[in-house]
Amino acid sequence: MTRAVLALNAGSSSLKFALFAIEKGETAASPSHRIASGELEGIGSHPHFVAHDAGGRVLVDETWAPTNDGANLDKAHLGPMATLMEWVGKQLGGVDLMAVGHRVVHGGPEFIAPVRITPDVLARLAALTPFAPLHQPGSLAPIRALLAQYPDLPQVACFDTGFHHTLPAVAQAQALPRDYAARGVRRYGFHGLSYEYIASALRERAPHLANGRTLVAHIGSGGSLCALQAGRSIDTTMGFSVLDGLVMGTRCGHLDPGVILYMLKEEGLGAAEIENILYHRSGLLGVSGVSADMRDLHAKAGVSAEVTQALDLFVYRLAQQAGGMMAALQGLDGLVFTAGIGEHDAIIRAAVCARMGWAGIRLDAAANAAHHEIISTADSAVEVRVIPTDEETTIRRHVLICLG
């Protein structure tokens, strides 16, 4: 190992990371060499730091004293980032950390490719916060912490919206007065780092799907669908914000705007209250009244009518919106499940595929239950696969592209 890259995937109170060795002559197209990975959880409240090596062996598992910095994300990230960087330095043992790459949720209309972070770039990214008010601050807080602690360390922003810049104009458009488009109000799409990874994996594992019409279902606590045509995004279910599209853990997904007007006019709710409902009290949690965690809901399915309704709605909306993506693609050759639920929940995969049986999808029940990569039968008109996503590997690639 001659150098290393640290990839950071930040949420509002958690941060996943991966450390990659970069050998002499290695390029963005070279296979990645992961040294370690882990997560910082409970940032701003109950910090927990866990890391393991490439073989899964636990390297560190520490819980720190509770803090009360959650309201100030920049302050909350200072201590955890200092601890992470100190630990990374010990792991590298004097090897040069060439750069840190960050997942940034929103790049707006301007940032469609990875970019080296400067104070000016950071200010322009912060100006996009109204487009992603609950996610952009969490993306930028680790950047600010590292700028304060390691001002000379190169940092690269990698955008979740960037992969979707290939959406045709008609798929980007909102049916609003034209001046809104001039202000950046359009459909962007998210989960782009995940979709880029799946597109690259398909080129290696299934070129026939990589060159064809493939629908990728990234379903976890947040979720979306992406229509890939020859590896390029031509439509996706998330639009202007991460609220749109599928039913999610605590987010509503597709919603008639009239409901928001009702909340405003009839209930007298303010913007903050409505934001809280749509982001934190809706989705699986809101409909079930029990939990946003699919594992909890499966345990109560058949016992609670509300839980059953939540699961049915989740599957119905996913299959319904998959039909829309198929219309954009003008057919379907492959379906890929990824992310937490997509990779691990055989029950949901089976239910979705059953609802899409009209498209000729035939599921191999045994392969699905065993979480094989290919879970469709030989006579299925659509090939169905399960491919684990790896956003951190995409970030590594973006860093090497950006820094040349």
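Only a predicted model underlies this, so the values are computations on that prediction, with no experimental measurement involved. Residue numbers start at 1 and run along the sequence shown.
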Closest non-hydrogen atom pair between [X] and [Y], with its separation:
X      : Y      : answer
Ser224 : His191 : OG-ND1, 2.7 Å
Leu403 : Ala99  : CD1-CB, 3.4 Å
Cys402 : Val115 : SG-C, 3.6 Å
His48  : Asp61  : NE2-OD1, 2.6 Å
Thr389 : Ser194 : OG1-OG, 2.8 Å
Arg34  : Ala54  : O-CB, 3.3 Å

Are the side chains of [Y] and [X] in contact, using a 4.5 Å heavy-atom criterion?
X      : Y      : result
Cys226 : His218 : no
Lys16  : Glu392 : yes
Leu15  : Leu84  : yes
Gln155 : Tyr150 : no
Cys353 : Leu335 : yes
Leu146 : Met85  : yes
Leu92  : Ile35  : yes
Trp87  : Leu59  : yes

Judged by atom type as modelled, is there a donor-acceptor pair below 3.5 Å linking the side chain of [X] to the main-chain atoms of [Y]?
X      : Y      : result
Thr2   : Ile22  : yes
Arg3   : Asp96  : no
Asp160 : Gly192 : yes
Arg251 : Val242 : yes
Ser37  : Ala18  : no
Arg362 : Gly357 : yes
Thr250 : Leu285 : no
His165 : Gly162 : yes
Glu383 : Ile374 : no
Ser221 : Gly249 : no

- [ ] Check step by step if side chain to side chain contact (heavy atoms under 4.5 Å, CB included) holds for Ile198 and Thr214.
- [x] CA-CA 10 Å; Ile198 297 300; Thr214 300; over 6 Å; no
Are more than 12 heavy atoms, taken from residues, nucleotides or ligands other than [X], located less than 6.0 Å from that residue's [atom1] atom?
X      : atom1 : answer
His371 : NE2   : yes
Arg178 : CZ    : no
Glu267 : CD    : yes

TODO: Can you sort out the partners of Ala199 under side-chain contact (heavy atoms from CB on, under 4.5 Å), two or more places apart, ordered by chain and number?
DONE: Phe163, Arg203, Leu228
TODO: Could you pull out all residues at least two apart from Leu78 that satisfy side-chain contact (heavy atoms from CB on, under 4.5 Å)?
DONE: Ala145, Gln149
Task: Parallel, tilted or perpendicular, as decided by the 30° and 60° cut-offs, for the rings of Tyr188 and Phe240 - done: tilted
Could you give the distance from [atom1] ([X]) to [atom2] ([Y]), rounded to the nearest 0.5 Å?
X      : Y      : atom1 : atom2 : result
Leu225 : Met238 : CG    : CE    : 10.0 Å
Phe190 : Thr237 : CZ    : OG1   : 11.0 Å
Leu269 : Met263 : CG    : CE    : 7.0 Å
Leu40  : Glu62  : CG    : CD    : 10.0 Å
Gln321 : Thr236 : CD    : OG1   : 10.0 Å
Leu243 : Cys252 : CG    : SG    : 5.0 Å

Task: Thr338 and Glu343: side chain donor to acceptor below 3.5 Å - done: yes
TODO: Have a look at His102 and tell me which of Val399, Asn9, Leu8, Leu6 forms a side chain to side chain contact (heavy atoms under 4.5 Å, CB included) with it.
DONE: Leu8
Enumerate donor-acceptor pairs with a distance under 3.5 Å from any side-chain N or O in residues 305-312 to protein atoms, sequence neighbours excluded.
from   : atom 1 : to     : atom 2 : distance (Å)
Glu306 : OE1    : Ser304 : OG     : 3.2
Thr308 : OG1    : Gly302 : N      : 3.3
Thr308 : OG1    : Ser304 : O      : 3.2

- [ ] Go through the steps to decide whether Arg396 and Ser30 satisfy the test side chain to side chain contact (heavy atoms under 4.5 Å, CB included), and finish with yes or no.
- [x] CA-CA 11 Å; Arg396 164 208 164 269; Ser30 304; 4.1 Å; yes
Open item on the list: Please determine whether salt bridge (charged side-chain N to carboxylate O under 4.0 Å, His left out) holds for the pair Glu86 and Lys90, giving the CA-CA distance in whole Å, both sets of side-chain angles, and the decisive distance to 0.1 Å.
Closed with: CA-CA 6 Å; Glu86 180 182 359; Lys90 292 178 180 177; 3.8 Å; yes
TODO: Considering only NZ, NE, NH1 and NH2 on the basic side and carboxylate oxygens on the acidic side, decide whether Arg205 and Glu373 come within less than 4.0 Å.
DONE: yes
TODO: Not counting sequence neighbours, which residues clear ring pair (Phe, Tyr, Trp, His ring centres under 6.0 Å) with Phe159? List them please.
DONE: Phe111
N/O donor-acceptor pairs under 3.5 Å from side chains in residues 363-370, not counting sequence neighbours:
from   : atom 1 : to     : atom 2 : distance (Å)
Asp364 : OD1    : Ala366 : N      : 3.1
Asp364 : OD1    : Ala367 : N      : 3.1
Asn368 : OD1    : Arg349 : NE     : 2.7
Asn368 : OD1    : Arg349 : NH2    : 3.1
Asn368 : ND2    : Ala346 : O      : 2.9

Task: side chain to side chain contact (heavy atoms under 4.5 Å, CB included) evaluation trace for Arg397 with Tyr197 - done: CA-CA 10 Å; Arg397 175 178 174 272; Tyr197 177 80; over 6 Å; no
Distance-only donor-acceptor pairs under 3.5 Å for side chains of residues 273-282, two or more places apart:
from   : atom 1 : to     : atom 2 : distance (Å)
Glu273 : OE1    : Gly270 : N      : 2.7
Ser282 : OG     : Ile277 : O      : 2.6

- [ ] Could you go through the side chain to side chain contact (heavy atoms under 4.5 Å, CB included) check for His372 and Val386 one step at a time?
- [x] CA-CA 7 Å; His372 290 173; Val386 179; over 6 Å; no
